[in-house]
Every structure is written in C-alpha cells, then in structure tokens.
Amino acid sequence: MSEKDEKINSLVDMRFSEDEANMAIIRCGVDGDLFVLVDSISASRVAGNLDLSNHQVTGRCFDSLEGERKQRLVEERKKKRKRCGCTGQSNQPSLDCNHDEQMLLPNPMVGFNLPNYSPSSVRVTRTILEQDMGPPYFYYENVARALTGVWATISRSLYDIQPEFVDSKHLCAAARKRGYIHNLPIENRAPLLPSPPMTIFEAFPRYKKWWPSWDQRTQFNCLLTGVAGPTLTGKIGRALASAGTPPSQSIQKYVIDQCKRYNLVWVGKNKVARLEPQEIEYLLGFPKDHTRGLGDTNRYKSLGNSFHVDTVAYHLSVLKGMFPNGVNVLSLFTGIGGGEVALHRLGMNMRTVVSVEIDKASKRIFRDWWNQTQTGTLIEIDDVKSLTDDQVATYVTTFGGFDLVIGGSPCNNLAGCNRSSRHGLEGKQSVLFHHYVRILNAVKSAMARK
DNA sequence: ACCAACATGACATAAGTT
DNA sequence: AACTTATGTCATGTTGGT
C-alpha cells in the first residue's frame with residue numbers, strides 16, 4: 001500500500017470522506033502529517049460553504065449571517081473554547097483538541113526578522129513546501145488582531161504558510177499591527193533608505209514647542225480611517241483653558257485618552273489638532289501629496305486603509321536582485337498603491353501592473369501616481385468578483401506570467417474598531433478574501449500550464 | 001483591570017447639479 | 001427650487017493582548 005493510500009485509509013477511518021482525504025493530500029502533499037491533513041479538511045469544511053466556482057459570490061449571500069445566526073456562532077465559539085480548555089499557551093495543533101482557532105501573536109511583533117534587531121530575537125523557522133515557493137511570488141496582508149480563528153483560516157487557504165506578524169512601530173513612528181502571508185525568501189532583506197523617523201519628535205520637531213511634559217507619547221497609535229474634528233479638539237482646548245497648570249489628574253487623563261485615540265498633536269497653547277493628511281502620508285512612507293486632490297475625508301480613509309510602505313518594502317526587497325529586468329504585478333485591492341510605491345522606492349521596474357480596485361477615488365490617486373512615475377503598462381479592473389479565471393489565464397499568456405501577486409483584502413469585518421459589523425471573514429466586505437485565493441490559484445495553475 | 005483597534009450607521013448640514 | 005452628493009458629528013460594544 002502506498003503512503004498516499006495509507007493516509008487516505010486513516011482519514012476515512014476517522015470518518016472523513018474519500019474525496020475530502022484526496023483533496024487534503026493534494027493541498028498539503030503526501031508528506032504532510034496526519035494532523036495537518038485533518039486541519040486542512042476542517043478548514044475546507046468551513047470555507048466550503050462558499051461556492052466560488054461560478055463567481056456569484058456577493059455580499060448579499062452573507063447578510064443572513066447577521067443577527068441571530070451570528071450570535072449563535074459567537075456563543076458556540078465561546079463554548080468551544082471553554083470546553084477545549086485551551087490555555088492559549090500552545091501554538092501546536094493536536095488531534096484531541098481542536099486548535100483551529102489558535103494563532104497567537106508574537107511579542108515583540110517583529111515578524112521573522114527586522115533590521116536593527118539582534119539575531120537572538122530573530123525567529124527564522126518557517127516551513128514552506130517547495131511547490132508553494134514562487135514564482136509566482138505572492139504577498140497577502142491584513143490586520144493582525146482579527147477575530148479569533150480568522151488567521152488560522154487565512155493561513156490554511158494560503159497553503160498553510162505561517163503568517164508573519166509585524167508592528168510597523170518598529171520601523172516608523174506609528175503603530176500598525178499587521179499580518180503578512182507570503183512565499184518570499186526571508187533572508188537578505190534590506191530596509192528602505194533613508195530610515196524613516198522613529199518618534200513623533202523626529203518626524204515633527206515643531207510640535208516639541210507646545211507638547212506638555214505630561215503627554216509622554218513618543219509614537220503614534222495606529223493611523224485609522226476616522227479622525228477627530230474641530231468639535232472634539234475645541235472641547236479639549238476649553239477644558240484645558242479652564243484648568244490650572246498643570247491640569248488636574250482627571251483633566252490630564254481625559255486629554256491624554258483623546259490624544260491617544262485620535263493621534264492628536266500639540267499645535268499651540270492648550271491647542272491640539274489632528275494630523276494633516278500630508279503628515280500621515282509621510283508617516284506611512286508615501287510621497288508628499290500622494291493623495292492630494294481628494295477631499296480630506298477620502299484622504300484619511302484611503303490612507304487609513306493603506307500599507308505601511310517601508311514595512312512592505314522591507315519584505316519585498318528580496319525581489320530586487322531576482323528581477324533585474326522588472327516585474328509583472330497582479331495587484332488586488334490596490335487602494336492608493338502602497339505595494340507599488342514600495343516596489344518603486346526599492347528601485348524596481350514594473351513592466352506591467354494589473355490593478356484591481358473598486359473605489360474611484362483610490363483608483364484616480366493610483367493612476368495619477370502611475371502616470372507621473374512609471375513607464376510600464378497599467379491595466380485597471382474594477383472588481384475582484386468580475387476578474388475571471390479565464391481572464392487571469394489570458395493575462396498570464398500575454399505577459400508571460402505574473403512575478404508577484406500582492407494585496408490586502410478588506411478588514412472591515414475583522415478590525416477591532418468595527419462595533420457594528422465585526423462578523424469575521426465571511427462578513428460583507430471581508431469575504432472578498434476568498435477571491436484573493438481564487439485569483440492567486442488561477443495564476444498558479446495558468447503558470448503551471450505554460 | 002486596562003488599553004487599543006486599516007469602523008459603521010444614522011443623522012444633520014454643506015456643497016454641488018440639474 | 002429640487003435634487004443628489006459630499007462632509008461632519010455623534011454614539012455605538014467587543015475582543016484579544018498585556
């Protein structure tokens with residue numbers, strides 16, 4: 001009996017179907033441990049509620065998840081965790097305890113390695129099957145603190161590759177906790193130069209003048225899509241004006257809390273203000289005025305949804321030596337083009353970028369930047385749902401394959417600050433993640449046929 | 001216990017458009 | 001003037017890590 005048959009038999013004995021067993025072996029390889037195969041099947045069962053074969057997936061399908069059913073799922077999850085007795089201390093899957101939901105975040109959140117970190121803190125153990133290495137290389141991004149179980153599911157859909165969690169506060173003056181799954185080499189990475197400022201005062205020395213000693217922030221919190229308006233800053237100003245110097249503990253606490261929540265800065269006596277869009281562009285590694293031309297609301301929103309350029313560039317830097325003649329890029333959920341800006345700042349030539357982005361404002365920003373800085377071909381597509389596997393295959397034939405598939409899928413239903421619809425990976429927007437997987441697999445199979 | 005979190009929806013008001 | 005679209009304000013609860 002072959003190793004494959006033996007494994008299938010074992011799985012069938014565990015009351016999985018033969019089809020499921022076969023699929024799991026195709027996905028994970030014959031060499032995969034039995035528990036990896038079991039994990040893979042459970043993941044497929046969860047993801048299998050979606051039929052992506054006819055591209056008919058729409059947000060509407062998942063509206064039914066809201067309300068009662070969602071509540072039930074949440075309850076079940078809680079019970080399961082309790083029953084399981086998981087302490088959260090183990091990252092290892094095992095058969096007698098369902099660890100589907102476990103994906104602990106590292107502390108410090110420095111990924112596989114970072115510049116300026118001593119080798120002792122470097123974690124370089126990463127298992128990745130030969131068949132899953134590029135080309136095509138792919139790079140996937142989303143918020144680190146998603147709902148429990150989301151990263152485990154994402155990881156399984158992306159060939160069981162272990163996510164790399166990085167907080168960009170180790171690379172710039174603002175926190176940004178993100179998970180990245182990619183099949184890039186992790187040796188010989190190089191950070192962008194010049195090194196970005198690491199503290200608020202290094203980034204904006206002029207704010208020292210009015211910064212009170214009792215505001216001890218040295219870095220910003222995560223730069224979000226929403227910002228404070230004049231009502232809040234006015235209220236803070238009035239509170240301070242009517243307080244003594246220094247203000248009472250309770251006033252200080254109120255002001256500091258608001259400053260932290262909205263990343264406010266000190267611009268005058270008793271005067272705080274939100275960061276300017278241009279300042280956020282700078283903190284995130286974009287060129288000055290990158291998003292200029294939009295209304296401020298749109299600028300904040302698209303920047304809040306964006307990559308941190310230096311972090312992404314650090315990971316992508318390994319591509320530079322591999323593609324001296326430039327790259328063909330398939331960019332999903334392009335947004336304002338953080339990935340492309342990263343490649344550009346690395347000095348890489350983009351021969352072709354096929355960009356998929358539905359938001360008109362973001363598209364305009366990216367197109368304008370492209371026309372100003374690039375000579376390659378830009379192809380724009382509106383919606384990941386409308387990009388068919390056949391179309392992908394045609395692009396692969398036309399351009400001779402994609403070297404990099406890059407994108408971060410919507411975090412709306414995963415992010416902590418979403419109070420109203422944090423429904424997880426099957427939520428209205430975040431469900432588009434499955435199209436990332438579908439399209440990536442379409443690229444892989446088209447390139448394998450070549 | 002405390003803190004932070006690529007947010008959303010309802011609503012009012014402002015700013016364009018026809 | 002009537003209508004559409006953009007912008008601003010406010011209130012809103014949970015989750016996971018530390």
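The sequence lines fix the lettering, A, B, ..., with proteins before strands; numbering per chain opens at 1.
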Handout entry: Closest nucleotide among B/dC6, B/dA7, B/dA4 to the A/N221 side chain
Key = B/dA4
Problem - Sugar-phosphate only, base, or nothing, as touched by A/C411 at under 4.0 Å among non-hydrogen atoms - result: base
Handout entry: Of the listed nucleotides B/dA4, B/dC6, C/dT18, the one nearest the side chain of A/N107
Key = C/dT18
Fill in the blank from the handout: When both distances are under 3.5 Å in a Watson-Crick or G-U wobble arrangement, the nucleotide paired with C/dG13 is none
Practice task
For atom CG of A/N188, decide whether the heavy atoms of other residues, nucleotides or ligands shown that lie under 6.0 angstrom number more than 12.
Solution key: no
Problem - More than 12 heavy atoms from other groups under 6.0 Å of NZ on A/K177 - result: yes
Practice task
Decide if atom NZ of A/K301 counts as having more than 12 heavy atoms of other residues, nucleotides or ligands within a radius under 6.0 Å.
Solution key: no
Practice task
Determine the Euclidean distance between corresponding P atoms of B/dC6 and C/dC10; express it in Å to zero decimal places.
Solution key: 24 Å
Give every pair of a protein N or O atom and an N or O atom of nucleotides 8-10 of chain B that lie under 3.5 Å apart, one pair per line with the distance.
residue : atom : partner : partner atom : Å
B/dT8   : OP1  : A/N412  : ND2          : 2.5
B/dT8   : O4'  : A/S420  : OG           : 3.1

Exercise for the section: Scan side-chain atoms only and decide if A/S302 and A/S362 contain a donor-acceptor pair under the 3.5 Å cut-off. Expected result: no
Problem - Side-chain donor-acceptor contact under 3.5 Å, A/D383 with A/S386 - result: no
Problem - Pair assignment for C/dA6, Watson-Crick or G-U wobble, requiring both distances under 3.5 Å - result: B/dT13
Problem - Nearest-nucleotide 5' precedence on DNA chain C, A/R145 against A/R261 - result: A/R261
Practice task
Looking at every strand, decide which applies to A/S430 at a 4.0 Å heavy-atom threshold: base, sugar-phosphate, or nothing.
Solution key: nothing
Practice task
Return the orientation label for the A/F399 and A/Y395 ring planes: parallel under 30°, perpendicular over 60°, tilted otherwise.
Solution key: parallel
Practice task
Just call it for A/R178: base, sugar-phosphate, or nothing, with non-hydrogen atoms closer than 4.0 Å on any strand.
Solution key: base
Report all interatomic pairs (protein N or O, nucleotide N or O of nucleotides 3-8 of chain C) with separations under 3.5 Å.
residue : atom : partner : partner atom : Å
C/dG8   : OP2  : A/T297  : OG1          : 2.5

